[in-house]
Trainee: 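Before anything else, here's the structure in question.
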Amino acid sequence: MASSYLDVYGAWQRDPEGFWADAAQEIDWFEPFDRVFDAQEGVYGHWLTGGKTNTCYNCLDRQIAAGRGGQDAMIYDSPVTGTIEHWTYEAMLAEVTALACVYRDLGIGKGDRIVIYMPMIPQAVFAMLASARIGAVHSVVFGGFAASELAARISDCEAKLVVSASCGIEVGRTIAYKPLLDAAMEISPHKPDHCLVFQRPQLTAELVAERDIDFATAVSSAKARGAEMACTPVLATDPLYILYTSGTTGQPKGVVRDNGGHMVALKWSMEHFFGVKPGEVFWAASDIGWVVGHCYIVYGPLLNGSTAILYEGKPVGTPDAGAYWRVIEEHRVAALFTAPTAFRAIRKEDPQGDLIRSRDLSGFRALFLAGERADPDTIAWAETQLRVPVIDNWWQTETGWPVAGNPLGLGLLPVKYGSATVPLPGYDVRILDDAGHPVARGTLGNVVIKLPLPPGCLPTFWKADERFRQHCLAEFPGYYRTADAGYIDEDGYIFIMSRTDDIINVAGHRLSTGSMEEICASHADVAECAVIGIADAIKGQVPAGFLVINANVSRQTADIEREIVALVRERIGPVAALKTVICVKRLPKTRSGKILRGTMQKLADGESWKMPATIDDPAVLEEIADALKARGLGNTAP
Ligand code: COA
Ligand code: AMP
C-alpha cells in the first residue's frame, strides 16, 4: 500500500492540537479535558489538562466492556520454568482488582509510590496495573540491578511499598531477590512501610515479621472477601509511573510518565506505527524493567485490545536460538519488537537460520528493532531469514514511544539501512551544531526535538524540575536535547550515530560510564580512572575500565582489577557487564587535563584515529595501545 505518512505528518504539522485532540478520542475519559495543550503549566507545558481518566480502566475494564473479556490479554511464556499461562482480560481484571484492594488495605492511595522489583512473571504486570487502578505511581526496577541501585530508587521516590518476588531465573541459575531487597531496605535512608513478596516455588524466601507480607496469601484473602475496587479517577497530567534511567552521574534520573498523554500516544503508535490490530498478538521481547517493557509489553498492547506476550527467557540458551521462532509459531505472534543484540546472539548460534525454517511463521508480519543502533548487517540478515519488513525505530526512556521509525501502520516508506527512517507525528527533529545553529543536510550534529514534546514524553524528572531544565532544555533553548548525535539526509531520513554524553549501550541496556568511574574511583588503591564503551560483536558495546594505581601501592594489579570488576557488579549489578579492567601507568589527557576517552575508544576498537592536537604527551597513547594489545584488543597505528 502507498504510505499515507506525508499526509498524516503534514496534518500534525498544520494543526498539532487538533491532531492530538482526535487521537485522544481513542481512549475513554471520565471527564473531558479542558485544553489540548496548556503552555503555561509544567516545565514546557502539559497535555490534555483538566481531563480525568484511569490507565487501568482503559487497559482492562474498557476492553471487557467492549466484549474482549474472554480474549487473552497476556500470554506468559517462560521457558526457564517450563510454564505457559493464558490470562484473559477478565481473569487479569480479577487479579488486578484483588491486588488493588491489598494495596488499599495497606494504606496506599492516590499519588503514593510503589516500587516493583520483580522478574518477568504475570504478578509483576498485575502489580503495575493495580497501582494504576488506585492512582498510585509505580517505579519498576530491573532485576539485574544491585541492592544499592534499588535503594537509590526506593529512597528517591520515597516508596511506601515494595512489591517483589523470592527469585528470578537466569539461564542455568536462580537469583535470590530477597537478600538484594533486604540489603536495599537496609541501605535506603527512606524505609517503605511494607514489602509484598511473591513466593516462587523455585526458591522461597524468609519473610521479615511485621514488614513483609506474602503476596499470594494477601491476594487470595482479598478475593475471598469479594473485594471490589473501582478505578480511581486521575488527571491526565497525574503521574502513572517513574522510570529511573542512567544519567551522566551516579544519580539516576526519574523519568515521569503521565496518565493521559501516555495512553493517547501509545494507542496511536500501536495502530499507526506498529500496525497491530485489536485481537492480534504483539510481542516485545524486552523486560518490564525497561521502557520498552512498560510501553509495549504492558500498556500499549492492552490499550489496543491486543494480546501481549510476557516472555521469561532469552533469545539463546532457553533452550536454543530457535526460542523466538517457537514463541511466534505457538502463539501466532503478528509482530515482534526486540533489540538488535538479540538478533546478533541468535545469528551467532544459527547463522544459516535452520531453526527458523523448521517453524510456521506464516502469521508473522514484522520485526521492530530498537534500543541501540541497528547495524545494517544485522538488519540484512534478519530480512533474508524472516522475509518480513525489519523496522528500526529510535527513541529513549524519556520519550516513551518512537521518535522516528518506518510507520508500518501508515504504509512503509523505502528502507535506508542505518537510518531509523522519518520522524513520527508529534516530533519536529532538528540537527544543531554545538553553538545551537542548524547544520546542512547530511552534516553530523546534536539531535534535538523542538518543544513542546508530544503527549507521552516526559513532562519532567521526579521532583527535579530544575535538573530536567538543566539537563534536557538548557543547552539548546526551545529544544529538547536527546544527547544523541546524528544527521538528517536530503530525503528527511534520520540517522542516529552515537551518544554525545557518557552513556553507553550494552546489549540494549543503557548504562552510564560516569557512574562506573565513580565506583572505580572509590577504590582505595585507584588514583585515576576512565571507563569507555568498546565494540562487542554481540552486545554492541561493553564497558572497559582503565585504572591508574596510587604510587605507594605495591599489590598485584591483577588483584585490583578483579576487585574493581566485583565492586561494579556489587554496586550496579550484573547488568553493568564490566569484565575488562586494565591498570595503566597514565591516562592520555589534553593539556587542560581532559581525559581523551574518544581516542582511547578508537584505539580499543581498532579504528583509525588522529593524534589530538591538544594532547599533553603523545607517548601515553602508545602505552595505552600496548596495554590493549596485551589483552588482545585494538591496534597501535594512528
Ligand atoms: N535479573 C538478574 N540478572 C540479570 C537479569 C535479570 N533480570 N538480566 C540480566 N542479568 C544478568 C545476566 O545473567 C548476566 O549475568 P552474568 O554476567 O553473570 O552472565 C548479566 O546480567 C548481563 O546480562 P546481559 O547483558 O543481558 O547479557 P547476557 O549475556 O545474559 O545476554 C543477550 C545477552 C543478548 C542474550 C541479552 O542481553 C538479551 O536477551 N537481550 C535482548 C534485548 C533486550 O532485552 N533489550 C532490552 C531493551 S529493548
Ligand atoms: P533507552 O533510554 O534505554 O531506551 O536508551 C535510549 C538510547 O538508546 C538513545 O538515546 C540512543 O542512544 C539509543 N538508541 C535507541 N534506539 C536506537 C536506534 N534505533 N538507533 C540508534 N540508537 C538507538
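We count ligands from 1, going down the list as the structure has it; atoms in each ligand are counted the same way.
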Trainee: Quick one, Arg510 and Arg499 - any side-chain contact, counting heavy atoms below 4.5 Å?
Mentor: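 With C-beta onward as the side chain, the pair touches.
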Trainee: Mind checking whether His509 and Phe142 have parallel, tilted or perpendicular rings, split at 30° and 60°?
Mentor: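 Taking Phe142 first and then His509, their aromatic rings sit tilted (interplane angle of 30° to 60°).
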Trainee: Among Phe337, Trp283, Tyr76, find the one that has a ring-ring contact (aromatic ring centres under 6.0 Å, His included) with Tyr311.
Mentor: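 Of the listed residues Phe337, Trp283, Tyr76, the ring-ring contact (aromatic ring centres under 6.0 Å, His included) partner of Tyr311 is Trp283.
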Trainee: Which atoms from ligand 2 have a heavy atom of Arg373 less than 4.0 Å away?
Mentor: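 Ligand 2 atoms under the 4.0 Å threshold to Arg373: 20 (N), 21 (C), 22 (N), 23 (C).
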Trainee: Just need the protein heavy atom nearest to atom 16 (N) of ligand 2, so name the residue and atom and give the distance.
Mentor: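 Protein heavy atom with the smallest distance to atom 16 (N) of ligand 2: Gly371 N, 3.1 Å.
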Trainee: What protein heavy atom sits nearest atom 5 (C) of ligand 1, and how far away is it?
Mentor: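 Looking at atom 5 (C) of ligand 1, the protein heavy atom closest to it is Glu170 OE2, 3.4 Å.
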Trainee: What I want to check is whether the side chains of Asp434 and Asn446 have a donor and an acceptor closer together than 3.5 Å.
Mentor: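 Asn446 and Asp434 do have a side-chain donor-acceptor pair below 3.5 Å.
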Trainee: Would Arg257 and Tyr299 count as a cation-pi pair here, with the cationic atom under 6.0 angstrom from the ring centre and within 45° of the axis?
Mentor: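 Relative to the ring axis of Tyr299, which defines the angle, Arg257 lies outside at least one limit.
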Trainee: Atom 10 (O) of ligand 2: which of Asp484, Thr399, Asn393, Val255 has the nearest heavy atom?
Mentor: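 The option holding the nearest heavy atom is Asp484.
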Trainee: Quick check on contacts: which atoms of ligand 2 are under 4.0 angstrom from a heavy atom of Asn505?
Mentor: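 Here the atoms of ligand 2 in question are 8 (O), 13 (C).
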Trainee: What is the distance from atom OG of Ser166 to atom CD1 of Ile175, rounded to the nearest 0.5 Å?
Mentor: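 Spacing of OG (Ser166) from CD1 (Ile175) equals 12.5 Å.
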Trainee: Under the 3.5 angstrom rule, does the side chain of Asp350 hit a backbone N or O of Leu355 as a donor-acceptor pair?
Mentor: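 Checked: pair present.
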Trainee: Taking only heavy atoms of Trp290 into account, list the atoms of ligand 1 that are under 4.0 Å away from them.
Mentor: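 Answer, ordered by atom number: 46 (C).
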Trainee: For atom 5 (O) of ligand 2, what's the nearest protein heavy-atom neighbour? Residue, atom name and distance, please.
Mentor: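 Its nearest protein heavy-atom neighbour is Arg510 CD, 3.5 Å.
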Trainee: Side chains of Val565 and Arg569: closer than 4.5 Å at any heavy-atom pair?
Mentor: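 With C-beta onward as the side chain, the pair stays apart.
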Trainee: Closest non-hydrogen protein atom to atom 7 (C) of ligand 2, residue and atom name please, with distance?
Mentor: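 Checked against all protein heavy atoms, atom 7 (C) of ligand 2 sits closest to Arg499 NH1, 4.0 Å.
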Trainee: Specify side chain, backbone, both or neither for Val292, according to which of its non-hydrogen atoms lie closer than 4.0 Å to ligand 2.
Mentor: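 Within the 4.0 Å criterion, Val292 makes no contact with ligand 2.
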Trainee: So Asp484 and Trp394, side-chain hydrogen bond (donor to acceptor under 3.5 Å, both in side chains) or not? Walk me through it.
Mentor: CA-CA 10 Å; Asp484 279 318; Trp394 163 65; 2.9 Å; yes
Trainee: Report yes if Ala374 has an N/O atom closer than 3.5 Å to an N/O atom of ligand 2; otherwise report no.
Mentor: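 Among all N and O atoms of Ala374, none is under 3.5 Å from an N or O of ligand 2.
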Trainee: Going by heavy atoms, is Arg173 under 4.0 Å from ligand 1?
Mentor: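 True for this residue.
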Trainee: So, do Tyr296 and Phe368 have ring centers that fall under 6.0 Å from each other?
Mentor: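 That pair fails the under 6.0 Å test.
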Trainee: Taking side chain as C-beta onward, heavy atoms only, is Asp375 less than 4.5 Å from Arg344?
Mentor: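 Yes, at least one pair of side-chain atoms sits under 4.5 Å.
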Trainee: Of all the heavy-atom pairs spanning Val80 and Glu312, show the shortest one and how long it is.
Mentor: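 Shortest heavy-atom separation between Val80 and Glu312 comes out as CG2-O, 3.3 Å.
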Trainee: Heavy atom under 4.0 Å from ligand 2: found in Asp392's side chain, backbone, both, or neither?
Mentor: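 Answer for Asp392: side chain.
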Trainee: Checking side-chain hydrogen bond (donor to acceptor under 3.5 Å, both in side chains) for the pair Thr421/Tyr5: CA distance, chi angles, key distance, verdict?
Mentor: CA-CA 11 Å; Thr421 319; Tyr5 166 76; over 6 Å; no
Trainee: Provide, to 0.1 Å, the distance between atom 3 (N) of ligand 1 and the closest protein heavy atom, together with that atom's residue and name.
Mentor: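 Going atom by atom, the protein heavy atom closest to atom 3 (N) of ligand 1 ends up being Ile175 CD1, 3.6 Å.
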Trainee: Any protein heavy atom sitting closer than 4.0 Å to atom 32 (C) of ligand 1?
Mentor: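 Neighbour list for atom 32 (C) of ligand 1 is empty of protein heavy atoms (cut-off 4.0 Å).
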Trainee: Quick check: does Glu398 get an N/O under 3.5 Å from an N/O on ligand 2?
Mentor: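 By distance alone, the answer is no.
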Trainee: At the 4.0 Å heavy-atom cut-off, does Phe142 count as touching ligand 1?
Mentor: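 Checking ligand 1 against Phe142, which is what was asked, there is a heavy-atom contact under 4.0 Å.
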Trainee: List the closest protein heavy-atom neighbour of atom 41 (C) of ligand 1: residue, atom name, distance to the nearest 0.1 Å.
Mentor: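 Scanning the protein heavy atoms, the shortest distance from atom 41 (C) of ligand 1 goes to Ala342 CB, 3.9 Å.
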Trainee: Of the side chain and backbone of Glu312, name the one, both, or neither that has a heavy atom under 4.0 Å from an atom of ligand 1.
Mentor: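 The answer is neither.
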Trainee: Of all the atoms in ligand 2, which lie at a distance below 4.0 Å from a heavy atom belonging to Ile496?
Mentor: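 Result: 21 (C), 22 (N).
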Trainee: State the atoms of ligand 1, each with its element, that fall below the 4.0 Å cut-off from a heavy-atom position in Gly144.
Mentor: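 Numbered from 1, ligand 1 contributes 1 (N), 2 (C), 3 (N), 4 (C), 5 (C), 6 (C), 7 (N).
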Trainee: Say whether Thr482, considering both its backbone and side-chain N or O atoms, lies within less than 3.5 Å of an N or O atom on ligand 2.
Mentor: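 Not met; the criterion fails.
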Trainee: Does ligand 1 have an atom that lies less than 4.0 angstrom from a heavy atom of Arg344?
Mentor: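 So Arg344 does not count as touching ligand 1.
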Trainee: Any nitrogen or oxygen of Thr245, side chain or backbone, less than 3.5 Å from one on ligand 2?
Mentor: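 Among all N and O atoms of Thr245, none is under 3.5 Å from an N or O of ligand 2.
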Trainee: Under 4.0 Å, counting heavy atoms only: does Trp395 come that close to any atom of ligand 2?
Mentor: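 Distance cut 4.0 Å: Trp395 passes for ligand 2.
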Trainee: Name the closest protein heavy atom to atom 37 (O) of ligand 1, giving the residue it belongs to and the distance to 0.1 Å.
Mentor: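 Of every protein heavy atom, Ala507 CB, 3.4 Å lies nearest to atom 37 (O) of ligand 1.
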Trainee: Side chains of Phe343 and Val390: does their closest heavy-atom pair fall under 4.5 Å?
Mentor: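 No, every pair of side-chain atoms sits at 4.5 Å or beyond.
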Trainee: Could you check if a side-chain atom of Thr580 sits within less than 4.5 angstrom of a side-chain atom of Leu633, using non-hydrogen atoms only?
Mentor: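 The answer is yes, as the side chains (C-beta and beyond) meet within the 4.5 Å cut-off.
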Trainee: Is the backbone N or O of Ile494 less than 3.5 Å from a side-chain atom of Ser419, with the two atoms forming a donor-acceptor pair by type?
Mentor: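 Yes: the side chain of Ser419 pairs with the backbone of Ile494.
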Trainee: Please list the nearest protein heavy atom to atom 22 (C) of ligand 1 with its residue and the distance rounded to 0.1 Å.
Mentor: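 Answer, as residue, atom name and distance: Pro574 O, 3.6 Å.
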Trainee: Looking only at N/O atoms, are Lys539 and ligand 1 under 3.5 Å apart anywhere?
Mentor: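 Yes, there is a polar N/O contact under 3.5 Å.
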Trainee: If every non-hydrogen atom of Ile431 is compared with every non-hydrogen atom of Thr443, which pair is closest and at what distance?
Mentor: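 Between these two residues, the closest heavy atoms are CG2-O, 3.8 Å.
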Trainee: For ligand 2, does Glu372 get within less than 4.0 Å through its side chain, its backbone, both, or neither, judged by non-hydrogen atoms?
Mentor: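 It is the backbone that touches ligand 2; the side chain stays farther off.
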Trainee: Could you tell me which atoms of ligand 2, counted from 1 in the order shown, lie closer than 4.0 angstrom to a heavy atom of Thr397?
Mentor: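 Matching atoms, with element in brackets: 1 (P), 2 (O), 3 (O), 4 (O).
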Trainee: Give the residue and atom name of whichever protein heavy atom lies nearest to atom 48 (S) of ligand 1, and the separation in Å to one decimal.
Mentor: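 Looking at atom 48 (S) of ligand 1, the protein heavy atom closest to it is Ser286 OG, 3.5 Å.
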Trainee: When you compare the side chain of Leu408 with that of Phe274, does any pair of heavy atoms fall below 4.5 Å?
Mentor: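 When only atoms from C-beta onward are counted, Leu408 and Phe274 do not touch, as no gap falls below 4.5 Å.
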Trainee: Among all the protein's non-hydrogen atoms, which is closest to atom 39 (O) of ligand 1, and how far away is it?
Mentor: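 Result for atom 39 (O) of ligand 1: Pro315 CD, 2.9 Å.
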Trainee: Can you tell me which portion of Arg569 lies within the under-4.0 Å heavy-atom range of ligand 1? Options are side chain, backbone, both, or neither.
Mentor: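 The answer is the side chain.
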Trainee: Report yes if the side chains of Glu349 and Asp320 come closer than 4.5 Å at any heavy-atom pair, otherwise no.
Mentor: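 No. Closest side-chain heavy atoms not under 4.5 Å.
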Trainee: Nearest heavy atom to atom 42 (C) of ligand 1: which of Gly289, Gly168, Ala339 does it belong to?
Mentor: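 Comparing heavy atoms across Gly289, Gly168, Ala339, the nearest one to atom 42 (C) of ligand 1 lies in Ala339.
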Trainee: Measure the distances from the heavy atoms of Ala420 to every atom of ligand 2 and state whether one is below 4.0 angstrom.
Mentor: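 Judged by the 4.0 Å heavy-atom criterion, Ala420 does not count as contacting ligand 2.
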Trainee: Please confirm whether the backbone N or O of Ala146 pairs with a side-chain atom of Arg571, one donor and one acceptor, at under 3.5 Å?
Mentor: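 No; zero donor-acceptor contacts below 3.5 Å.
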Trainee: Nearest protein heavy atom to atom 26 (O) of ligand 1, by residue and atom, and its distance?
Mentor: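 Here the nearest protein heavy atom works out to His509 NE2, 3.5 Å.
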Trainee: Could you tell me whether ligand 1 has any atom less than 4.0 Å away from a heavy atom of Thr341?
Mentor: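 For ligand 1, residue contact (heavy atoms, under 4.0 Å) with Thr341 is present.
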